[in-house]
Amino acid sequence: MHPTPQTLVLAALVVLAASVGLLLAVQRTRLSRKSVFAWLPWFGTGAALHALHGAVGYPDLVRPLLGSPWVYLLAASVAGIAWTLLTQLTSSEKGRAAVTRYFGVMGLGTLLPPVVLLIVQRGITSPTRLVLWVAVPVVSVVVTYCLLLSLGLWLPNPAYFAGFAGGIVIFGAAVEAITTAVALGVGGQPATPVVLTLTTRLADLGGLAVPVALVAVAVWLRLAVGVAVVVGLELLDRSHPVLAERGLKAATVGSLVVAANTFMLALAGGWLA
Amino acid sequence: MSTTTSPTTTGVSFAVGILLGSAFIAPVLPRVAATLPTLNELDPVGKALVGGAMAIVVLVFGVVALYLAFLVVED
């Protein structure tokens, strides 16, 4: 049996990702919190390309690369190459100190074309989607601010420990919660299978009516998870600071990637009218 | 905040990023272009939606431009 061209493309991607991983390991790349932030736009690019893949449909040969989870591997590989080039091409110590920022700005530039294409291609077909492109992030920022303010007042230690990274974790939770609520409430469809499964079970256990209960439970559940992660990591920091720091970085990336994926898929896919 | 960031390199990094992002979307551009209606074919609501989409695109680029300007000014 001969491998299909798509299989070969995926195999090439795996080889590329492994090579880039090796390259990063050889350079002894250390991820500070700041450099984790710089990687975020690159993963956002993965989410945007994934949404475009569903909305538009790529040519057959490259289609497998844009599905989940391969698209994130692709984005991470390209980001790894960019990081390596920036690091190796910068000779001065002063320049090396700024590599993280150049890398983040480059990631931001990479994110823009797919996002703009999504807005133009999907936005002009539905006024709801167009409004939500702005409304969801803005409302999420407000919700995040309120939650961080409350956290700082009632539990100052987790807020101090997590800092800006905690804000990103909670922002990701807010984006996903609000997108889920809108998708369930307006579109009547789930935003993510995971959230739907969890919320359906919880709603059943509580004997709540669907779908209003689903919306309420999904929103509060996701927000509570975001805050619980930050508080839990601060508790872990007291006994295992290194592990807590790594956990916070992973939570930062994970929260934003899941949120970006849900948000862009909901707005680009068929979940919202 | 360090004073090591060069505005030129920041701008070049951003431009390279835009090129990379454009390369990612290049395979679907012909399909998207084929599905988009021309402005003349749109009713007033459609035209308003196009205006809205363009406004959001300008907003997104505006936020990024402000961020980049902030980096340069801060340094």
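Here is the naming used below: chain letters follow the sequence lines, and residue numbers restart at 1 for every chain. Hydrogens, waters and symmetry mates play no part in the numbers below; they use all other heavy atoms, side chains included.
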Worksheet entry | Leading residue by heavy atom contact count with chain B [cutoff under 4.5 Å; candidates A:Leu86, A:Thr110, A:Val134] | A:Thr110
Worksheet item: Considering only heavy atoms, which portion of A:Val99 lies under 4.5 Å from any heavy atom of chain B: side chain, backbone, both, or neither?
Response: neither
Worksheet item: Mind checking whether A:Phe37 and A:Phe164 have ring centres under 6.0 Å apart?
Response: yes
Worksheet item: Can any side-chain N or O of A:Ser255 pair as donor or acceptor with the backbone N or O of A:Thr252 at less than 3.5 Å?
Response: no
Item to complete: Give the ring-plane orientation class for A:Phe103 versus A:Trp83, where under 30° counts as parallel, over 60° as perpendicular and anything between as tilted.
Response: perpendicular
Discussion item. Under a 4.5 Å cutoff for heavy-atom pairs, which residue among A:Pro41, A:Pro114, A:Gly107 has the most contacts with chain B?
Written reply: A:Pro114
Worksheet entry | Interface moiety of B:Leu59 toward chain A, non-hydrogen atoms closer than 4.5 Å | side chain
Worksheet item: Checking heavy atoms, do the side chain of A:Leu111, its backbone, both or neither come under 4.5 Å from chain B?
Response: neither
Discussion item. Run A:Thr84 and A:Thr87 through side-chain hydrogen bond (donor to acceptor under 3.5 Å, both in side chains) and show every step you take.
Written reply: CA-CA 5 Å; A:Thr84 304; A:Thr87 311; over 6 Å; no
Discussion item. With chain A as the partner, which of B:Ala23, B:Pro27, B:Gly11 has the greatest number of non-hydrogen pairs under 4.5 Å?
Written reply: B:Pro27
Discussion item. Quick check: do A:Ile170 and A:Leu148 have side-chain heavy atoms less than 4.5 Å from each other?
Written reply: yes
